[in-house]
Amino acid sequence: MAAADVREQVLASANVLRWEIGDEVHDSLMESIFEEASRIAERVVSRQQGKGRLDLERTVDRIVTSRIFGFPLMLALLALVFWITIVGANVPSRMLASLLIDTVHPALKSLAAFAGAPPFLNGLLIDGAWLAMAWVVSVMLPPMAIFFPMFTLLEDLGYLPRVAFNMDSVYRRAGAHGKQALTMSMGFGCNAAGVIATRIIDSPRERLIAVITNNFSLCNGRWPTQILIATVFIGSAVPAHLAGLVSAAAVVGIAVLGIIFSLAVSWGLSRTVLRGEASVFSLELPPYRPPRILRTLYTSLIDRTIFVLWRAVVFAIPAGMVIWLVANLRIGNASIAERFITGADPLGLLFGLNGVILLAYIIAIPANEIVVPTILMLTVLTTGMTGVGAGAGVMFELDSTADIARVLQAGGWTTLTGICLMLFSLLHNPCSTTIYTIYKETRNARWTAVATFLPILLGFTICFLVAWIWRLSA
Amino acid sequence: MTSCNRCPARGAGNLVRLGIHPGTYDYLVALAGNPNTGKSTVFNAITGLRQHTGNWPGKTVTRAEGGFSYGGSKFKLVDLPGTYSLLSTSADEEVARDFLLFGQPDVTVIVVDATCLERNLNLVLQVFEITGRAVVCLNLIDEAQRHGLTVDSRTLSKELGVPVIPAAARQGIGIPELLKSVHDVATGEYICRPRHIRGGTKALARALEDLACRITAAFPGLPNARWVALRLLEGDQRMIDAVRTGELEGLAKAGAAAASRTPATGIPE
């Protein structure tokens, strides 16, 4: 008898036996496994009386996942983390800027002059690439070095599953999978990672919803933009002693708004193109584990801070060159940048933004991290400010948020511009890495396009509405 | 714990971490376990890699691979997604289940959480149905101690029929002993006699035995005929296809080869 026939016979007899024993195979098997496991566990585990740790943990869990205190505690914790970041990052930022921009940059310039480098190369490499990189490092490194270790500590402690637990019922009511709360939390670190994490969701429908809405979680690259703009525009609008607190609250507000958008869009999708019931799952609340502080500091610095910074630097160097080029290559009597900005300004103003921001977002598509440096450079260029820059397309030295405020206000920025930029930074297309990851995970160009253009459409709509209402009431 | 056990130099003479470049290897080791039991921590401790670890279930969704060398042999280590069982339909369980069967690991390390042993044993018993060449890593004993729980690892080892190594992977405690056990099981110096579940009702037991017999006849030397029978009785499409296309034949041949080199004496059974 051929081997294939023997194999078919095995399958046939399996089918017959399946009918004979009925469907209780699974249940009766699981039952005997459970019995066996519990019998063995009883033999080998002994419990010492009078240890109250489990009770303490349960009490803590009851509070952090309670209906009344759960959400306020979550928001308060988030606000505390941002407040420490905002207050703590200013001084080291200034020190880094004075080192990389005030000291190293002139040194490089005189070295280039000494070596007799052609002006074009000199501008492209030192005024473009080097300054862009120096800017990214001094603006981003300090907040990240403070924010990521704190976030990682919360993660190691076991707080994230509690967040997911709190959010689960809300997501279910939006027609999405409760585990989306976890992938959303991952997105707060990096959207590309969040998109990959959606693999824990079994149902393809719910997984797609989680993929499309992950971009509404503010990622690493966008936190520094939010924190900086909140400090400059929101913080400066209130008395100095409240500035840190109010800016932190504004950033929390944007993060919460992102969660609300992810819920609303999930709800919309699950009632239109991705219709269906939410599936059930069980979520284990892991025990709280005392974080190992040094190890956490090390891994969060290496895995997150340096990783994100490296990515930013890699993208900033070519972007710096592009900025220098668009600022120095001329068509007629104006540079490419000036022409674009003048042309796009009316459109930008319609959305509470301006031409500079639109150009910056085009240059910064590869990485959200370099949006703010690009904006500042382009602003100086178009306002023709003197005393802060060393010529067209040079990223200049700014030692503190006060200087940044001065530049932006000279560029015609108002509180409305700041608010709309924060909103637009939350609601725009994912970065190129995330778009690529979405395509890899969904293998579907149509859904990738939806995930890319839906947020930017929402962003323009919301900014337009906010600008319109703002101007009506002003 | 004595201070010797904590000393990082202990057993390190035998351990060479190979990171993600194991190259060719002598033995394949799978790392299985419930979610959030510290599999990735064990993985990092052994391979020297820095896979991100986090205190939440479902962090590892794909397979991570790394390598190490111990006692003169090279090992490739595969970190599987954490699962509560191997009998349901979700994607992560399928990854774990298929790797244990079709990947044919020489040793499977099952990481269990000492603070909730009973639930973790459910998975251990299910893994035994696929492969008996296993080592149980009884992780988080420090946490269990804080909760006033002690686990008698020697009795547990006798009950399960495989080595049980108490460990606190975050502190590196128990890792040298774990490596030694993995080495011993891989080389056949330790022969596992895993406990098998007595399958439910009499009708089921008979059906399983009957079908397993036919499967062994069709695929002589297949080491996990009972598991294949079980999956067929549950109507697992992946398994039906594997039988139909003859994919199991490869497993049977490899299984027969492994059986002939396993015993310490080197004499085929």
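When all heavy atoms of A:Leu17 and B:Ala207 are compared, the pair lying nearest together is CD1-O, 3.7 Å. The two residues A:Ala37 and B:Glu118 come nearest to each other via the heavy atoms CB-O, 3.6 Å.
Comparing B:Val151, B:Thr150, B:Leu117, B:Leu121 by heavy-atom pairs within less than 4.5 Å of chain A, the highest count is held by B:Thr150. Across B:Leu160, B:Leu140, B:Asn120, the residue that shares the most heavy-atom pairs under 4.5 angstrom with chain A is B:Leu140. Chain A forms more heavy-atom pairs under 4.5 Å with one residue of B:Arg206, B:Arg195, B:Arg154 than with any other, namely B:Arg195. No other option in B:Val243, B:Thr245, B:Leu125 has as many heavy-atom pairs under 4.5 Å with chain A as B:Val243. Chain A forms the most heavy-atom pairs under 4.5 Å with one residue out of B:Thr155, B:Asn122, B:Leu232, and that residue is B:Asn122. No other option in A:Val16, A:Leu11, A:Ile40 has as many heavy-atom pairs under 4.5 Å with chain B as A:Leu11. Most heavy-atom pairs under 4.5 Å with chain A: of the set B:Gly235, B:Ala218, B:Ser153, B:Ala114, this distinction falls to B:Gly235.
The 12-atom threshold is exceeded at CD of A:Glu8, counting heavy atoms of other residues, nucleotides or ligands nearer than 6.0 Å. Under a cut-off of 6.0 angstrom, the local environment of CZ in A:Arg39 is crowded, with over 12 non-hydrogen atoms contributed by other residues, nucleotides or ligands. Other residues, nucleotides and ligands contribute over 12 non-hydrogen atoms within 6.0 Å of the CZ atom of B:Arg170. Counting non-hydrogen atoms of neighbouring residues, nucleotides and ligands closer than 6.0 angstrom, the OH atom of A:Tyr436 reaches no more than 12 such neighbours.
Both the backbone and the side chain of A:Glu36 come within contact range of chain B, judged by heavy atoms closer than 4.5 Å.
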Exercise for review: Might you work through the side chain to side chain contact (heavy atoms under 4.5 Å, CB included) test for A:Ser46 and B:Asp152, ending with a clear yes or no?
Suggested key: CA-CA 8 Å; A:Ser46 50; B:Asp152 177 356; over 6 Å; no
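Summarising the geometry, atom CZ belonging to A:Arg18 is positioned 8.0 Å from atom CG belonging to B:Leu233; distances are rounded to the nearest 0.5 Å. Atom CD1 of A:Ile33 sits about 9.0 Å away from atom CG of B:Leu86, to the nearest 0.5 Å.
Considering only heavy atoms from C-beta on, A:Val10 stays 4.5 Å or farther from B:Val228 through its side chain.
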